[in-house]
Amino acid sequence: TPLKPLEAAAMERCIIGSDVGGIRELLDELNVGRTFKAGDAADLVRVLNEALDRDTASLQAEGRMAREAVLERRSWERTLTPLRQLYESIGRQSETIPAS
């Protein structure tokens with residue numbers, strides 16, 4: 001997962017990214033930000049202008065929602081919990097294997 005959009009979202013920023021795989025998937029998952037067609041400068045300009053045309057209060061509200069989404073779904077604790085559980089289960093399994 002790309003970290004830069006997560007960092008920006010955690011800082012309550014409006015997120016704009018290309019529609020390339022990981023970035024698009026992340027923004028879709030978090031339900032925040034906007035995407036532009038990768039390699040299409042005109043589409044990037046369009047998306048930037050749309051953001052600039054918005055009022056400050058709505059951009060700030062979007063930024064707060066982005067931060068909340070990151071804290072809820074992408075915190076280090078939430079990300080690492082499945083890995084910790086996996087390693088603990090492997091450790092328990094190795095304890096039951098007789099030594100040769």
Side-chain angles (χ1 to χ4, degrees):
T1 302
L3 290 178
K4 297 301 181 196
L6 286 172
E7 292 171 356
M11 295 175 61
E12 298 187 5
R13 300 295 180 236
C14 174
I15 311 298
I16 296 173
S18 68
D19 64 355
V20 173
I23 294 171
R24 182 191 66 247
E25 291 170 11
L26 177 66
L27 297 182
D28 287 348
E29 173 198 331
L30 297 177
N31 198 30
V32 299
R34 289 167 186 73
T35 58
F36 62 92
K37 186 176 178 185
D40 186 338
D43 196 41
L44 172 58
V45 169
R46 178 190 62 78
V47 171
L48 289 171
N49 282 328
E50 286 175 1
L52 291 171
D53 288 342
R54 295 179 60 203
D55 63 285
T56 303
S58 69
L59 289 173
Q60 289 173 336
E62 184 178 317
R64 284 189 298 275
M65 289 185 337
R67 178 175 172 77
E68 289 170 14
V70 167
L71 293 175
E72 179 183 316
R73 298 184 207 137
R74 288 301 187 118
S75 68
W76 279 115
E77 181 178 344
R78 182 161 177 122
T79 301
L80 295 178
T81 295
L83 286 175
R84 183 174 52 241
Q85 292 169 345
L86 173 66
Y87 286 130
E88 288 171 353
S89 87
I90 292 170
R92 285 190 297 272
Q93 289 173 4
S94 68
E95 292 171 0
T96 61
I97 299 172
S100 357

Inset, instruction - Could you pull out all residues at least two apart from Asp43 that satisfy side chain to side chain donor-acceptor pair (under 3.5 Å)? - result: Arg46
Inset, instruction - Mind checking the CD-CG spacing from Gln60 to Asp55? Nearest 0.5 Å is all I need. - result: 9.0 Å
Inset, instruction - Hey, could you give me each pair passing salt bridge (charged side-chain N to carboxylate O under 4.0 Å, His left out) that has a residue in residues 18-28? Not counting sequence neighbours. - result: none
Inset, instruction - Treat each ILVMFWY residue as a node, draw an edge where side-chain heavy atoms are under 4.5 Å apart, and state whether Val45 and Leu52 are in one component. - result: no
Legend entry - Minimum heavy-atom distance between Ala69 and Val32, given as atom pair plus value: CB-CG1, 4.5 Å
Legend entry - Cluster link Leu30 to Leu3, ILVMFWY, side chain under 4.5 Å: yes
Legend entry - Which residues share a side-chain contact (heavy atoms from CB on, under 4.5 Å) with Gln85, sequence neighbours left out: Thr81
Inset, instruction - Return the minimal non-hydrogen interatomic distance between Ala38 and Val20, and the atom names on each side. - result: CB-CG2, 3.6 Å
Legend entry - Shortest non-hydrogen contact from Arg34 toward Leu27: O-CD1, 3.8 Å
Inset, instruction - To the nearest 0.5 Å, tell me how far Glu68 CD sits from Arg73 CZ. - result: 10.5 Å
Legend entry - Heavy atoms from other residues, nucleotides or ligands near CD of Glu77 exceed 12 (cutoff 6.0 Å): no
Inset, instruction - To the nearest 0.5 angstrom, please state how far the CD atom of Glu7 sits from the CZ atom of Arg13. - result: 13.0 Å
Inset, instruction - Check whether any side-chain N or O of Arg74 sits under 3.5 Å from a backbone N or O of Leu26 as a donor-acceptor pair, and report yes or no. - result: no
Legend entry - Interatomic spacing from CZ in Arg67 to CD in Glu62 - rounded to 0.5 Å: 15.5 Å
Legend entry - Residue pair Ala8 / Ile15: nearest heavy atoms and the distance that separates them: CB-CD1, 3.4 Å
Legend entry - Any Asp40 side-chain heavy atom under 4.5 Å of Leu44 side chain: no
Legend entry - Smallest separation among heavy atoms of Thr35 and Val47, with atom names: O-CG2, 3.6 Å
Inset, instruction - Kindly give the heavy-atom pair with the smallest separation between Cys14 and Leu59, and that separation in Å. - result: SG-CD2, 4.0 Å
